[in-house]
Amino acid sequence: MQKTYKNPVYDYVRSPDQDSSGRTHHPVIIVGGGPCGLAAALDFALQGIPTVVLDDNNTVSVGSRAICFAKRTLEIMDRYGAAERMVDKGVTWQLGKVFFQDEQVYEFNLLPEDQHKLPAFINLQQYYFEEYLVDRIAEENSIDLRWLHKVTELETNPEGTHITVETKDGTYQLSCDFLLVADGANSKIRTQLGLESKGQVFQDRFLIADVVMKADFPTERWFWFDPPFHRNQSALLHRQADDVWRIDLQLGWDADPEEEKKEENIRPRLQAMLGEDVEFELEWASVYTFQCRKMDDYIKDRVIFMGDAAHQVSPFGARGANGGVQSVENLAWKVSAILKGEAPLALLETYNTERQHGAAENILNSTRATDFITPKNHISRVFRDETLRLAKDQPFARSLVNSGRLSLPCTYEGSPLNTADSEDFNGGVVPGAVCKDAPIKINGEDAWLMNQLGNRFVAMVDIDANGEVVPNLVTENPDLAWILLSKDANKAQTLARQLSQAAVQAISDPQGLVAQRLALRPGSAYLFRPDQVVCGRWQQPTAADIHAAHRRALGYDL
Amino acid sequence: MHLNTEANLNDADAFYAELTDLHRDLQTADSERVNARLILLLANHIGDNRILSEAMAIAKDLDPVQN
Ligand SMILES: Cc1cc2nc3c(=O)[nH]c(=O)nc-3n(C[C@H](O)[C@H](O)[C@H](O)COP(=O)(O)OP(=O)(O)OC[C@H]3O[C@@H](n4cnc5c(N)ncnc54)[C@H](O)[C@@H]3O)c2cc1C
């Protein structure tokens, strides 16, 4: 069926490890080359840790699956050097329409805050997302990505893990310090270890179809509740790259997935939805039942689960791959710091606690949307329908309509890695939250704040203060990367030169947007983790405050 | 702020009459719809989830009905 995209075929390559007499050891082995496994490999490469990635297949996602990639994911991809192609290829939309029964009840414009490098989200087929990651991985010598190498067995102990890998040339053995498992929702490795992912299956089925429209169709997201062409169910239409449109049709629990998947049954449904005159070609279709579930603990000895294997959500709100990639970046810097001897092993457990919180929030959002779309009982249905009817004339009711909320990163509130505010900040970014982007200038050139953060701990201080505090902060914390921020470019550059420390960068904030978004006052400082999350901030910092917060974020106070 | 459970209506009898009049000629299904709309409108006006939770807690505490 698929015409707009041809899956790349990646060759099986025999690894020297297969010829070694013993089992070769690697610090980090990643199982699974989906969005999460691929992202993890790039994150480790940026931290200077070599990885082996094993995938049992020889291509990227077959059929589209995920299509909505949110800003946070794009920021992470930008850190990996992979966002540009995604944004160029992807589709951004701002206008949405909501229909109930025979009529449109309202339309909305997302109007994202401007002056951010990356859009609020893009619609892009999952296979492109993965293909661009694979291409980016090819540029990194430290990543050994092996297609058609399937992990079949494993043995774990508190020090490390042994695995057996199956290929067409037979099996071989490997060992590693950390095994990162991203083998998908039905993780065999999880099952082999006797672990479970628990939650609920929604008693409903959805037909997911990608079609190519022959004629123009607006770049808007249309969501129907109980439309005349599909009574008592919901329908969603939105655009992806290559003039491909994603259609989600709720089928109900009694639908027969095998029957519904047949083109002769799909066509009339889509024709009724798109209008009798609209010509389209079917690219791909599949019938799904959705689940929301997670593991109680993502870590067993030194085997760590990520992505759908660790936590799975229904697609309403697009939090599967988006949440998965956020888990990956939470984990990668921690494992790297442990391997480099910069952090205690105890830091690892905070991956579990922080991302349990993230997954719980994603599951909550996804469940709420699913419950709105499929009311559980008669009275929920009455509330749902009246909400939709009121939405036509009453703006307040529109905020209750939930056909999936935009995926936003969670805040690691109360994380033991945070240093709580000791001084008043009027807004800004709280400890545990991801930094906000803003335009800046470096050496007179336009740049973005987010691109200066990440991969290592970065401290940023607003130097538009009087006094001699700033030089001390920097010289007494030489193991941090420093950003000196000023409204005045010369001032920042002069101070950076005086400090003559390698990792000191001067940036200017000519529009004052960094100061505004981070609620900076002259002299304020922020400390950012390698995943761009704020772990401490001060109005009047001392060198010791920043040092202590850095140690704390590395897990030395656990 | 907490849910105000002291008498607060400026004309309790008139309100009560209007509420029951609203439903007088309605079938049960339509009454259900009207009630749902009313709850949504009033909830939005109140706006504070804590107050709404307090109201829901009292509302759901049903005494067994004697027939
Ligand atoms: C219809 C649909 C729509 C969706 N829409 C969205 C959306 O809009 N936004 C969003 O963020 N998410 C969405 N999702 C969810 C998203 O697709 C998943 O969350 C995402 O693919 C998870 O990535 P992963 O890397 O954890 O696992 P997967 O993508 O499942 O990858 C697992 C990989 O592991 C490999 N593997 C498995 N076992 C082994 C083994 N033993 N040895 C070696 N390799 C192995 C597999 O071949 C595969 O490549 C959607 C999902 C569906 C089904």
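In what follows, chains carry the letters A, B, and so on, assigned in the order in which the sequence lines appear, proteins first and then strands, with residues in each chain numbered from 1.
- Remark: A:Phe290 CZ to A:Gln200 CD distance equals 14.0 Å, nearest 0.5 Å.
- Checking side-chain atoms of A:Gln356 against main-chain N and O of A:Asp296 turns up a donor-acceptor pair under 3.5 Å.
- Using non-hydrogen atoms only and a strict 4.5 Å limit, the part of residues 390-421 of chain A facing chain B consists of A:Leu390, A:Phe396, A:Leu400.
- In this structure, A:Asn322 contributes its side chain and A:Ala70 its backbone to a donor-acceptor pair below 3.5 Å.
- The environment of A:Phe108 atom CZ is dense: over 12 non-hydrogen atoms of other residues, nucleotides or ligands sit within 6.0 angstrom.
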Fill in: Worked verdict on A:His230 versus A:Arg269 for side chain to side chain contact (heavy atoms under 4.5 Å, CB included)
CA-CA 8 Å; A:His230 196 50; A:Arg269 283 192 192 282; 3.1 Å; yes
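- Within 6.0 Å of CZ in A:Arg389 there are more than 12 heavy atoms belonging to other residues, nucleotides or ligands.
- By the neighbour-count criterion of 12 heavy atoms within 6.0 Å, atom CG of A:Asn377 is densely surrounded, having more than that number from other residues, nucleotides or ligands.
- Between chain A and the residues B:Ile39, B:Asn44, B:Asn35, the largest count of heavy-atom pairs under 4.5 Å involves B:Asn44.
- Interface remark: B:Leu41 contributes backbone and side-chain atoms alike to the contact with chain A (heavy atom separation under 4.5 Å).
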